[in-house]
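Reviewing the structure listed below.
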Amino acid sequence: GIQVEQSPPDLILQEGANSTLRCNFSDSVNNLQWFHQNPWGQLINLFYIPSGTKQNGRLSATTVATERYSLLYISSSQTTDSGVYFCAVGGGGSRLTFGEGTQLTVNP
Amino acid sequence: DAGITQSPRHKVTETGTPVTLRCHQTENHRYMYWYRQDPGHGLRLIHYSYGVKDTDKGEVSDGYSVSRSKTEDFLLTLESATSSQTSVYFCAISETLAGLQETQYFGPGTRLLVL
């Protein structure tokens, strides 16, 4: 099956800093999504982005499908951005494979 | 939040007992999923459903069964719970567009402890 690797595994920032999270995958995909799991465990869908670039407020994501990676950018980070960010990919059908996540801590 | 609820939200049970977790959705989505989340493993797919009575296995399906008799309900059953099934279980749906699977949305999760 498809392998998904996220980096870095942990990231600590001061409020206001910018960050880039990376997701590498081992095979071609037709589905790629980014999720945020907040400290209370809730999983929120951030982007559906199998290719191209999208932006939503301070967050943006870019997927370069031909090179098998995706990047999630967080600008002007806030303490509420803390949590775990997951990348999930699918090569066909309805199944997604999740990476192990990046644990982000934003300090005030 | 895509109208997804899970019950119970927390459960403690003993090894060898049967356990059923329920996922309920209110928006008539065709695809539903059960995942488990464990430290160091991210989320792993247990089973999924692509319609009433239509289900298939995920990557960690051993020891689990599912049923979907109505569009809105997807049940996950541990026939004989083991300590290795202690985990947080998430239900999800896919919101589809033009027949393609697109974004997945998750329920609040169920914390299961098997003693």
Side-chain angles (χ1 to χ4, degrees), chain A residues 1-10 21-27 29-52 54 56 59 61 63 70 72 83-104, chain B residues 1-6 9-10 23 27 29-51 54-61 66 68 74 87-112:
Chain A
I2 297 175
Q3 305 300 310
V4 182
E5 184 176 316
Q6 292 187 241
S7 61
D10 297 279
L21 282 57
R22 187 176 179 103
C23 172
N24 292 331
F25 42 95
S26 61
D27 206 344
V29 299
N30 59 14
N31 190 337
L32 189 147
Q33 300 180 37
W34 283 96
F35 296 87
H36 175 221
Q37 187 170 37
N38 65 26
W40 296 271
Q42 185 180 11
L43 281 154
I44 304 297
N45 190 291
L46 298 176
F47 294 104
Y48 168 81
I49 186 165
S51 63
K54 288 186 178 179
N56 184 2
L59 272 61
T63 297
S70 183
L72 178 69
V84 183
Y85 290 80
F86 290 103
C87 169
V89 304
S94 54
R95 299 169 63 141
L96 289 179
T97 299
F98 280 73
E100 292 189 13
T102 292
Q103 173 77 57
L104 175 65
Chain B
D1 64 358
I4 307 167
T5 57
Q6 294 184 230
R9 294 292 315 280
H10 303 270
C23 178
E27 299 183 0
H29 296 291
R30 179 181 171 196
Y31 285 84
M32 299 184 75
Y33 309 83
W34 277 107
Y35 292 89
R36 61 179 288 173
Q37 184 176 26
D38 305 288
H41 289 282
L43 282 91
R44 294 180 291 174
L45 182 65
I46 305 171
H47 282 279
Y48 67 100
S49 170
Y50 46 96
D54 292 323
T55 64
D56 204 351
K57 296 179 179 180
E59 63 179 299
V60 290
S61 59
V66 291
R68 192 164 177 204
F74 192 31
S87 188
V88 181
Y89 291 87
F90 285 97
C91 173
I93 60 92
S94 275
E95 188 170 80
T96 60
L97 182 65
L100 301 175
Q101 290 81 51
E102 290 199 0
T103 50
Q104 286 194 14
Y105 295 95
F106 283 82
T110 294
R111 290 189 174 273
L112 176 66

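Just so it is clear, the model here is predicted, and its values are computed rather than measured. Just so it is clear: chains get the letters A, B, ... in the order the sequence lines come, proteins before strands, and each one is counted from 1.
Annotation: side chain of A/Gln37 is in contact with side chain of B/Phe90 (closest heavy-atom distance under 4.5 Å). Side-chain contact between B/Leu43 and A/Leu96: absent, with no pair of heavy atoms (C-beta onward) separated by less than 4.5 Å.
Note on B/Gln104, B/His41, B/Gln37: by heavy-atom pairs under 4.5 Å with chain A, the leading option is B/Gln104.
Take B/Arg44 and apply the salt bridge (charged side-chain N to carboxylate O under 4.0 Å, His left out) test, not counting sequence neighbours, and it matches B/Asp38. Under the ring pair (Phe, Tyr, Trp, His ring centres under 6.0 Å) criterion, B/His47 pairs with no residue at all, not counting sequence neighbours.
To the nearest 0.5 angstrom, A/Arg95 atom CZ is 13.0 Å from B/Ser94 atom OG. A distance of 11.5 Å separates CZ in B/Phe106 from CD in A/Gln42, rounded to the nearest 0.5 Å. The CG atom of A/Asn31 sits 9.0 Å away from the OG1 atom of B/Thr103 when rounded to the nearest 0.5 Å.
No part of B/Tyr50 comes within reach of chain A, as not one of its non-hydrogen atoms sits under 4.5 angstrom from that chain.
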